[in-house]
Amino acid sequence: MTTNPEVTLAEPGLKFPEILIYRGYSAPVRIEADVHDLEVIGRIPPELNGAYFRNSADPTYPPLHGTDIFLNGDGMVHSVRLENGHADLKTRYVRTAKFELERKTRRAVFGAYRNPFTDAPEAAGTDSNTANTSMFWHHGKLYALKESGRPYELDPRTLETLGERDFNGTLKSQTFTAHPKLDPETGEAIAFAYNTAGVASDEIEIYTLDATGDIARTEKFKAPYCSMVHDFLVSRNHIAFVICPMVCDWERVKRGEPYWHWDATKKTMIGIIPRDEGVRAIRWYTCPVVAMETHTFNAWEESSAQGTRLHLDHFVTGSGWLSQFPDIHNPEAKEKPPFGERWSFDLADPTDHFEIRRLINHIGEMPVIDSRYAMKRARHFWFGTFNPAFGPMLPIGPKGPPFTCLGHFDEAADKLNFYYAGPDSAPEEPCFVPKNADAPEGEGWLLTMVGRRAENRTDLVILDALHLDRGPVAIVKFPCRVHEGFHGTFVPAGALGW
Ligand SMILES: [Fe+2]
């Protein structure tokens with residue numbers, strides 16, 4: 001046996017650690033690609049004319065300290081342009097300040113998520129935002145969002161990064177949520193930022209962006225304590241925040257510990273704000289159980305002679321995101337599965353009592369509704385899930401067990417329906433696209449990226465949203481894998497001006 005002298009280097013080369021987050025199906029992809037005319041099995045509905053944009057966390061460099069959490073990877077955006085039954089793929093990194101600095105230094109200089117005490121000296125003065133969580137289309141512009149930083153605008157056609165944005169100088173916070181809500185009646189976007197008074201602060205700011213993209217209204221309030229506020233809820237007349245005990249302790253951060261910890265000794269609190277009166281009329285409720293809202297479907301009101309009930313439809317778990325941030329009191333605690341719940345508030349009741357009931361009797365996450373029904377009662381709910389009746393669970397990944405199915409809950413019919421992606425296949429967040437602007441609720445398509453794990457490849461799968469069990473109407477086959485992602489959105493060609 002001969003030894004190749006090239007593999008015994010005095011200095012180690014660039015190498016990702018041999019741990020789950022950097023190996024196998026979760027390994028960094030790092031490829032910026034264009035594939036024109038992807039292979040298509042079946043027929044892409046001709047109504048689907050536009051682009052599906054979605055964001056992911058794809059680390060550019062091995063971590064500074066040997067490991068990292070899944071959600072700290074660099075923002076890599078995937079777009080699939082759909083036109084006349086054809087599909088083109090594009091993948092591009094978001095050129096954040098962090099990305100540009102690390103590309104220049106040819107190594108990671110940022111350490112743990114939002115922990116400047118773990119950064120290398122070269123990182124000083126540069127923002128750590130990775131812009132890796134969601135895509136936001138509003139006022140004719142496309143943004144990559146992450147809650148720990150400001151929006152980055154991208155060119156929707158080229159995915160070129162156009163720069164960090166502050167909405168014409170009106171965004172004062174250094175942060176901005178990855179989950180703004182679009183008001184289908186007014187064209188406004190309701191958004192918020194937390195930690196607006198700086199790291200570990202308990203201050204939250206609400207923004208209303210008008211249809212032109214200017215922030216028309218801002219209001220600040222103090223949360224009961226500093227916590228991760230990943231998502232929120234907006235109905236026609238109310239805004240609701242669920243403050244969960246995923247808390248930040250700056251002394252721990254200084255010691256190099258994670259930015260967030262789950263602290264079940266704290267109460268889950270719900271703040272309800274009338275949209276017309278604003279934060280001066282905020283009302284706080286204490287949740288009878290320690291719970292964490294993971295993501296939200298929708299909020300809506302029901303009025304009767306007895307008064308108004310506000311309903312919050314969302315996924316809730318009894319643990320924090322322990323795969324990413326540990327339990328402060330029990331480092332061995334295991335993450336609990338989220339279930340779809342409806343929290344209902346009788347706004348005339350002066351007590352802080354509210355009703356909690358299971359909305360969907362099945363585990364799930366990554367919720368979506370027909371966005372035309374946002375802020376009013378929706379009938380149809382879609383989500384990612386598992387269903388052992390169809391096939392076994394897949395090996396656990398760095399963000400938990402991968403989905404094997406998508407679920408559809410028709411509340412009016414009280415029926416659950418599933419799409420099973422096949423052995424060794426993992427669908428991701430669904431994205432609903434109506435057949436046309438006037439189609440009845442739910443009539444349309446459900447798009448999802450599906451990881452083909454054995455083939456180390458990704459597909460975009462298109463389903464009839466009301467008939468998931470019929471299987472795909474089209475499978476758009478990528479010749480390669482794109483990194484598992486978080487949140488996406490479909491923008492019609494007309495809106496894009498294409
Ligand atoms: Fe999210």
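When a ligand or atom number is given, it counts from 1 through the structure's own listing order.
Only protein N, O or S atoms were considered, and those under 2.8 Å from the Fe ion (ligand 1) are H179 NE2, H230 NE2, H295 NE2, H487 NE2.
Ring-plane geometry between H230 and H295 is classed as perpendicular, the angle between the planes exceeding 60 degrees on a 0 to 90 degree scale with a lower cut at 30.
Not a single side-chain hydrogen bond (donor to acceptor under 3.5 Å, both in side chains) links T208 to another residue, sequence neighbours left out.
Atom NE2 of H65 and atom CG of D119 lie 7.0 Å apart (nearest 0.5 Å). Distance CD/Q324 to CD/E335: 8.0 Å, rounded to 0.5 Å.
Proximity of L145 to E147: side-chain heavy atoms (C-beta onward) are nowhere separated by under 4.5 Å.
For the salt bridge (Lys or Arg N to Asp or Glu O under 4.0 Å) with D183, the lone residue among R372, K376, R275 that qualifies is R275.
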